[in-house]
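Hydrogens, waters and symmetry mates play no part in the numbers below; they use all other heavy atoms, side chains included.
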Amino acid sequence: MKPAEQPTRSLPKGWTFFRQWLKNPLTVAAISPSSRQLARQMMHQLPKHARRVVELGGGTGVFTQALLDHGIAPADLMVLELNEELHRHLREEFPAAVVVCGDASDLADIASNHGFVGEQRADAVISGLGLLSMPRQTQQAILSAAFSCLRPEGRFIQFTYGPANPVMREVIEALDLTGRRASFTWWNVPPATVYVYQRRIARAIAPRSMR
């Protein structure tokens, strides 16, 4: 008698991620998926009443799961992933979410095609992209596209493995943004820092009294 066939098991998330990093280390920013502590820190930076969120660079879904656990409805979560294998993985893991295989610089068109426009714009964009390794033009294209589908006071939340702000000063100034360092965690491989970017909101100037 032939031995019973064992059911096929999916590869662990860590191995799936590491295999994609081996194939193309320049487009996959780390050698392992982000930690749960980093995910909690990213969630902590969401606007208080965030309802609709866009995630850039979904990877194996660590942040995707954290967003769902945070209370974001699957239909209000759009996840972009350029890597085809990781995109398939995300589609299988999160079938109710809006998972798109696409380039973040095309986000404006992608968001429009999936209803993240007008009154349905996102409250936040969560990014796991390797901005540090990108030229200025690419950074500016991605952030410009991201803010085009964000509400006026929406937040762009980015983590980075470097010690400095991952978005170039020229990009921040060109898009009239503010940027702040929000948190840092050693419990990630490698250690990571979270930055938050928002539109610069002009403050009303009190009129001077005439004497």
Within the side chain of [X], is there an N or O that forms a donor-acceptor pair under 3.5 Å with the backbone of [Y]?
| X | Y | result |
| --- | --- | --- |
| E81 | G58 | yes |
| R52 | Q120 | yes |
| Q158 | L129 | yes |
| R199 | L177 | no |

[atom1]-[atom2] distance between [X] and [Y], expressed to the nearest 0.5 angstrom:
| X | Y | atom1 | atom2 | value |
| --- | --- | --- | --- | --- |
| M43 | L38 | CE | CG | 8.5 Å |
| R151 | F116 | CZ | CZ | 11.0 Å |
| R180 | Q198 | CZ | CD | 6.5 Å |
| E119 | R121 | CD | CZ | 7.0 Å |
| I110 | L80 | CD1 | CG | 4.5 Å |
| L46 | R51 | CG | CZ | 14.0 Å |

Between [X] and [Y], what is the shortest heavy-atom contact and its length?
| X | Y | result |
| --- | --- | --- |
| A182 | V196 | CB-CG2, 4.0 Å |
| V98 | A75 | CG2-O, 4.1 Å |
| F156 | S127 | CZ-CB, 3.6 Å |

* Asked: Same cluster or not: are L132 and L82 linked, directly or through other Ile, Leu, Val, Met, Phe, Trp or Tyr residues, by side-chain heavy atoms under 4.5 angstrom apart?
  ->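 Not linked; separate clusters.
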* To do: Take T60 and L86 through the side chain to side chain contact (heavy atoms under 4.5 Å, CB included) test and state the conclusion after the steps.
  => CA-CA 6 Å; T60 60; L86 291 175; 4.2 Å; yes
Could you pull out all donor-acceptor pairs under 3.5 Å where a side-chain atom in residues 135-149 meets a protein atom, sequence neighbours excluded?
{"unit_1": "R136", "atom_1": "NH1", "unit_2": "Q140", "atom_2": "OE1", "d": "3.3"}
{"unit_1": "Q139", "atom_1": "OE1", "unit_2": "M168", "atom_2": "N", "d": "3.0"}
{"unit_1": "Q139", "atom_1": "NE2", "unit_2": "L131", "atom_2": "O", "d": "2.9"}
{"unit_1": "Q139", "atom_1": "NE2", "unit_2": "P166", "atom_2": "O", "d": "2.8"}
{"unit_1": "S148", "atom_1": "OG", "unit_2": "A145", "atom_2": "O", "d": "2.5"}

* Candidates D103, V79, L107, I126 - the one meeting side-chain contact (heavy atoms from CB on, under 4.5 Å) with L56 ->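 Among D103, V79, L107, I126, the one that satisfies the side-chain contact (heavy atoms from CB on, under 4.5 Å) with L56 is L107.
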* To do: Check the pair H49 / D123 against side chain to side chain contact (heavy atoms under 4.5 Å, CB included), numbers first and verdict last.
  => CA-CA 8 Å; H49 300 294; D123 301 294; over 6 Å; no
* Asked: Taking the six-membered ring for Trp, are Y161 and F159 parallel (under 30°), tilted (30 to 60°) or perpendicular (over 60°)?
  ->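 Y161 vs F159 ring planes: perpendicular.
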